[in-house]
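Worksheet: the structure to be examined is printed underneath.
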Amino acid sequence: MARPTALMLLPLLSTLLLLAACGQEDAGGSGPDAPGPGPVQVLDWPLPGSVPGTSAPDLAVAADGRVLLSWVDSQPGRRHVYRFSAWNPGLGRWQHAPANIAIGSRMLVNWADTPHIQTTLDGAVWAHWLQKSDVAGHAYDLALVRSRDGANWSPPLVPHAAGTGAQHGFASMWPHGTNLLGIAWLDGSGADSDHGDHAGSTGEEGAAAHGSSALRAALVDPSLQLVHEAVIDTRVCECCQTSVALTSRGPLLFYRGRSPDEVRDVLVSRLEGNVWTAPRRVHADGWVMSACPVNGPSAHGHGHGVAVGWYTEAGGSPELRLAYSADAGDSFGEPRVLDSGDRLQGRVALAMDGGQIAVLWLREEGEGQSLWYARYAPDLSQEIERFQLAGLAGRGRGTGFPRLVLHRGIAHAVWTDIIDGRPQLRGARLVPGPAADG
């Protein structure tokens, strides 16, 4: 049953690797800020980008504790604008007005393949988006930029071979060492065109790659030079999101695989030194799917602990599953089912710190969609609570993918709703402890 909160009523009514890991997950989760067993208090989180036409949100936690929010602003008759702002938890306010990262008529906006923002320990802010290729057809490239101050951005880097007529996207980024950025993406250079579903539609949203795609990764230095490039898997699910978890033993890259007989289970590879390990399954679901399901895993790491959530129909009906590793990803325990049934949308966001694992996911209800939140003990051994966080007027693909991060035990959630036919961002902060009286 949904627990009533002020936020619910509103929508219903209307070794550097350890240091780098702090840039993704925060250094909290212990001491007085660790969440207790009681229910969280849900607070409305007014967003600087919460106006009609906003979508494709992303969240990242900087090493100094700021929560970065990025999004795409699409207004009728104007070019798309990729923007960001930073929430200062200490001050309890947004640090600055929305700043532009990029503006362009060639920017491609896709409900499933969205831009991302990240920071590195040297204080730099990195961001990527999709750019329509000069090559005719549905080809598009990744554009990657870096800023030292959040106001002035470098010229964009395309981290892959350009002009191939292929589609490149579903990227993940992570801080690596002091000033390097890691980025992984799906590369459709070898894809065929006679197979698979796609993430977009005709027109402005574009379409994701058909056929088999490869998974590639690179490290990028502050001058936007590629210092390490690798092909991790030559045949992966062609339009499912990737996710990176930072651990005490290096980054783990999670993605949906695609075997020759169309098994599309979630795989994981670790970057050890300059070598990515051979991919292996998180769990042997054995889900055979002839077309891309357009949903990928969401994972997070904290020290030796790693948690991952994903969608599957291996048992004949939709399920969201969660699995935990206590050895930095060497092995995962038997998964537990987060939710199941035909109403599941397969879109999950997961975050963890030293005190909890938090999960956000979507369900399709009769009049619209519902956004659900659950949190678990840090090893998934116990569910602490779950409830409906918000009711959404939007349906289907238009609501995109929710985002979730944790900082000092506080969860920050962002999602997209459809209001009067246009996308619009919404946000909430979930604070440890019982709800305040009154």
Does a donor on one side chain and an acceptor on the other come within less than 3.5 Å for Gln369 and Thr399?
yes
Should the ring pair Trp87 and Trp45 be called parallel, tilted or perpendicular, given that the plane angle runs from 0 to 90° and is split at 30 and 60?
perpendicular
Please check this pair: side chain of Arg256 against backbone of Cys240, looking for a donor-acceptor N/O pair closer than 3.5 Å.
no
If only side-chain N and O atoms count, and only distance matters, is there a donor-acceptor pair under 3.5 Å linking Trp372 with Asp339?
no
Is Asp233 reaching over with its side chain to a backbone N or O of Val236, donor-acceptor style, under 3.5 angstrom?
no
When you compare the side chains of Arg403 and Thr114, does any donor N or O come within less than 3.5 Å of an acceptor on the partner?
yes
Can a donor-acceptor pair be found, under 3.5 Å and without considering hydrogens, that links the side chain of Ser243 to the backbone of Phe254?
no
Considering only NZ, NE, NH1 and NH2 on the basic side and carboxylate oxygens on the acidic side, decide whether Glu229 and Arg216 come within less than 4.0 Å.
no
Given 3.5 Å as the limit, does a donor-acceptor pair link the side chain of Glu364 with the main chain of Arg395, or not?
no
Would you say that more than 12 heavy atoms from the other residues, nucleotides or ligands in this model lie under 6.0 Å from the NE2 of His96, or not?
yes
For atom CZ of Arg148, is the number of surrounding heavy atoms from other residues, nucleotides or ligands below 6.0 Å larger than 12?
no
Within 6.0 Å of CG in Asp342, more than 12 heavy atoms from elsewhere:
no
Are any side-chain N or O atoms of Thr242 and backbone N or O atoms of Phe170, one a donor and one an acceptor, separated by less than 3.5 Å?
yes
Parallel, tilted or perpendicular, judged at 30° and 60°: which one describes the rings of His407 and His412?
tilted
Do Asp113 and Tyr140 have side-chain N/O donor and acceptor atoms under 3.5 Å apart?
yes
Using a 3.5 Å distance criterion without hydrogens, assess whether the side chain of Asp265 forms a donor-acceptor pair with backbone atoms of Gly286.
yes
Less than 4.0 Å between a side-chain N and a carboxylate O, is that true for Asp330 and Arg270?
yes
One should read off an interatomic distance between Leu344 CG and Leu320 CG, to the nearest 0.5 angstrom, of 5.0 Å
Do side-chain atoms of Arg83 reach the backbone of Asp73 as a donor and acceptor pair under 3.5 angstrom?
no
Side chain Arg258, main chain Cys292, donor-acceptor under 3.5 Å
no
The side-chain contact (heavy atoms from CB on, under 4.5 Å) partner of Val220 among Val227, Thr120, Leu144 is Leu144
Strictly distance-based, threshold 3.5 Å: is any side-chain N or O of His116 a donor or acceptor partner for the main-chain N or O of Ala171?
yes
